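Scroll down for the structure; my scribbles are underneath it.
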Amino acid sequence: MRAADALMESLKAEGTEHVFGIPGGANLPTYDALVDAEFRHIQVRHEQGGGHAAEGYAKASGKVGVAFATSGPGATNLVTAIADSMLDSVPTVFITGQVRTELIGTDGFQEADILGSTLPFVKHSFQVTDPRQIPEYVHEAFHVASTGRPGPVLLDIPQDLSRAEIDYAPRTEPVELAGYKPPSAPNVKQVRIAAKAIANARKPILYTGGGVVNANASEELRELAAADRFPVTSTLMGLGSYPASGENWLGMLGMHGTRAANYAMDEADLIVAIGARFDDRITGKLSEFAPRAKFIHIDVDPAEISKNVPAHIPIVGDAKLVLPALTREYRALQTDGSRLDGWWKQIKAWQDEFPLRYDEGKDGEIKPQFMIEAMHRATQGDAIVTSDVGQHQMWAAQYYGFDKPRRWINSGGLGTMGFGLPAAVGAKVACPDESVVCLAGDGSLIMNCQELATCVAEEIPVKVFLMNNGYMGMVRQWQELFWDRRYSAVEMGPSPDWVKLAEAFGATGLRCEDSADLEETMVKALETDGPVLLDVRVSPEENCFPMIPAGAAARDMVG
Amino acid sequence: MEAGTPQVVKLEDLRVPGQLSGRKHILSILVENKPGVLARVAGLFSRRGFNIDTLAVGPTDDPSISRITLTLDGAVHPIDQVTKQLHKLVNVLKIRDMEPEETVAREMAMFKVSAAVESRSEIIQFAEIFRAKIVDVSRRALTIEVTGSADKIEAFERMIRPHGLIEMVRTGEIAIARGSD
Ligand SMILES: Cc1ncc(C[n+]2csc(CCOP(=O)(O)OP(=O)(O)O)c2C)c(N)n1
Ligand SMILES: [Mg+2]
């Protein structure tokens, strides 16, 4: 069998149903094999879009997202998506064409050392040097990408090798890699010690992150939280794993988190970190972070434990297994829950004193926060929401109120503008029966707006709700607050006319400038067939509050 | 009934272990002999800001496996974090943080020293004391090979430097555990 056909067979054997990509010289054999392959290829309009679509697909479904690109510029266009997958632990496999073996190292036409250039941010990568490696490497790539802490794996295949003939037999044994053993079950003794520490805590808090989503451990998290009314907060990446309508919910923590969540971290005597990595957006000034707390740190990646904040009780393992074990051990201790009454009284006082709030818009002005609330109503709080990066992203995180995991798909670690639309493409392909809304920023959307063409051509009916403030708002906010309002390169100017742009792509364009019409227009957008772009004109200079200024401590939140 | 865990765990009794060991570490790392492995290891060190003091790479008795021996300063870097990051590389098979007391470590160095007739015999004497070998002689210079611990090589360098050190080449340390395992 031709190696490129074996590539398709092994992808199929891994359960691949969708692939995103763009062909070129070096991956012509792959695209030839694709003609007869049994899965759907979505022809994106830029490889970065293909990469983010694969991420959106993976985040929405929990399955591995796959993207193809040709050598050289095709491959380098993927780099941002690969880095994004790495920082947000997204299970993705990127398959690039490479120049013919004899040309490697000669600066041949469209040669780029994609393996070398992505080494810092792949979970692993494979350079194919023998066509017989192709099926084997595909299986290894899927195994590495999807197990343990998920992440991106790159497979680089020289053109001549994918044309070679090989003997192909479907793989039957599971993948075994000598140097890769993802942990699963936790150390029972550590879990027991953790349960006892929690039993003695008077001000505990569960600090959860994207790891809970990746582990599909929302149910298990809810059970732990319910074991004794433990307050729960989450990072940007973990939103939805504990329901925002749940009674223990304090809101998101970190730079744009709620005061209740950040103050509770500051005052806590015991922080139980679950699949979260103490990123600087969470800790603020590290030396003043949670000064009274002891830390239990649960993570499937041992290297995250004690990386930024030393853990008193480290637990390495899959949250799906650790959390039930911890809940069981804790319940067995039959601790008196009333010891938390004082703590809840304090938390309630913060919640009452510092709710998320904004001044209502006058004369039809659409406040950005209002736009998110309207979006929640129009979608009944049940859409898969993808986001770009900026103020709109933070407002969505604050105001949408995600009740389920895998409903909030955004770029947290890398903070990639232009992520939202292609991610929505991927999410919609993965979940065709769900309503998928891309909450876009005007600065961000233009970076990957070419994917509207993909939506139209491939009939992927995503709804883009553009929060159009005429600015790269988040940067403007920083310039206003911390750089004496000296605005520098943050205005977006009068173009494009988004409605016309949408129409030029063959999508439906809508606009809303009055808060009274907003929800209705959103419903209309959701009910319109095919892709829709709704341009929502919001207050141009609203700031996103509260916030911890960079490098400040949680208790010094402003706004 | 609860083997190994204390009856109660009081928060105020919980401590975190120190992060910095304060001494030199020799890591002996077995890696798969695949293209790009060294780049992965070296890249990891540079991007995480870990400074490698010495690095030596060579084959093992198994042709599919190579050994990377590297030394780094545990006063500057949390070794635990370094080894955990290294373990994340799929091609890394095994890491051993060599215990100083139970390890024989050796490095080889070659020194090219300017050796005028007047100082030549003194240099040769130093070489003898250090059990070094003279491996090349010319009219103006001697080349001396020294094998030993990094300390010994550095001591030799201090002795020889005043005579005019033209060039020095060091291999970086390699290490093996004492005893039978
Ligand atoms: C690719 C990329 N370039 C630059 C930045 C820096 N940056 C962060 S937020 C932002 C502004 C985003 O503007 P917009 O999409 O309009 O969102 P808004 O903040 O206005 O809601 C910029 C430029 C980034 N995160 N990503
Ligand atoms: Mg904007």
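Just so we're clear, the structure is a prediction, and the values are computed from it rather than from any experiment. Lettering of chains follows the sequences in order, A, B, ..., and the numbering in each one begins at 1.
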Original post:
Does NZ in B/Lys133 sit with more than 12 non-hydrogen atoms of other residues, nucleotides or ligands closer than 6.0 Å?
Top reply: no
Original post:
Does B/Met168 CE have over 12 foreign heavy atoms under 6.0 Å away?
Top reply: yes
**OP:** Please assess B/Lys84 against A/Glu304 for the test side-chain contact (heavy atoms from CB on, under 4.5 Å), listing each intermediate value before the final yes or no.
**Re:** CA-CA 9 Å; B/Lys84 286 199 265 180; A/Glu304 282 308 336; over 6 Å; no
**OP:** Count the heavy atoms belonging to other residues, nucleotides or ligands that lie under 6.0 Å from CD1 of B/Ile176, then report whether that count exceeds 12.
**Re:** no
Subject >> Distance, nearest 0.5 Å, that separates CG of B/Leu44 from CG of A/Leu119 >> reply: 10.5 Å
Original post:
Given the options A/Ala194, A/Gly148, A/Ala195, A/Pro310, which has more heavy-atom pairs under 4.5 Å with chain B than any of the others?
Top reply: A/Pro310
**OP:** Select one option (side chain, backbone, both, neither) describing which atoms of A/Ile198 are under 4.5 Å from chain B's heavy atoms.
**Re:** neither
Original post:
Non-hydrogen atoms of chain B under 4.5 Å away: do they reach the side chain of A/Ala311, the backbone, both or neither?
Top reply: backbone
Subject >> Rounded distance (nearest 0.5 Å) linking atom NZ of B/Lys34 with atom OG1 of A/Thr129 >> reply: 9.0 Å
Original post:
Take atom CD1 in B/Ile79; do more than 12 heavy atoms of anything else shown fall under 6.0 Å from it?
Top reply: yes
Subject >> CD (A/Glu102) with more than 12 external heavy atoms under 6.0 Å >> reply: yes
Subject >> Over 12 foreign heavy atoms within 6.0 Å of CZ, A/Arg339 >> reply: yes
Original post:
Contact part of B/Arg47 toward chain A, heavy-atom cut-off under 4.5 Å: side chain, backbone, both or neither?
Top reply: side chain
Original post:
Any side-chain heavy atom of A/Ser306 within less than 4.5 Å of one from B/Val16?
Top reply: no
Subject >> Point-to-point distance, once rounded to the nearest 0.5 Å, from CG of A/Asp269 to CD of B/Glu12 >> reply: 9.5 Å
Original post:
Top residue by heavy-atom pair count (under 4.5 Å) with chain B, among A/Pro120, A/Ala178, A/Pro182, A/Ala201?
Top reply: A/Pro120
**OP:** Side chain from CB out, backbone as N, CA, C, O: work out which of these in A/Lys123 comes under 4.5 Å of a heavy atom of chain B, or both, or neither.
**Re:** backbone
**OP:** Report, as yes or no, whether the 6.0 Å neighbourhood of atom CZ on B/Arg170 holds more than 12 heavy atoms from other residues, nucleotides or ligands.
**Re:** yes
**OP:** Give a yes or no on this: more than 12 heavy atoms of other residues, nucleotides or ligands lie within 6.0 Å of atom CZ of B/Arg23.
**Re:** yes
Subject >> Distance (rounded to the nearest 0.5 Å) between B/Arg40 CZ and A/His124 NE2 >> reply: 5.0 Å
Subject >> Main-chain N/O of B/Leu11 paired with A/Lys294 side-chain donor or acceptor, under 3.5 Å >> reply: yes
Subject >> Residue among A/Asp301, A/Leu115, A/Val188 with most heavy-atom pairs under 4.5 Å to chain B >> reply: A/Asp301
Original post:
Are any side-chain N or O atoms of B/Gln81 and backbone N or O atoms of A/Ala303, one a donor and one an acceptor, separated by less than 3.5 Å?
Top reply: yes
Original post:
Is it the backbone or the side chain of A/Lys307 that comes under 4.5 Å from a heavy atom of chain B, or both, or neither?
Top reply: both
**OP:** Among B/Lys10, B/Lys94, B/Arg15, single out the residue with the greatest number of heavy-atom pairs under 4.5 Å to chain A.
**Re:** B/Arg15
Subject >> Residue selection (most heavy-atom pairs with chain A, distance under 4.5 Å) from B/Leu30, B/Leu89, B/Val90, B/Leu93 >> reply: B/Val90
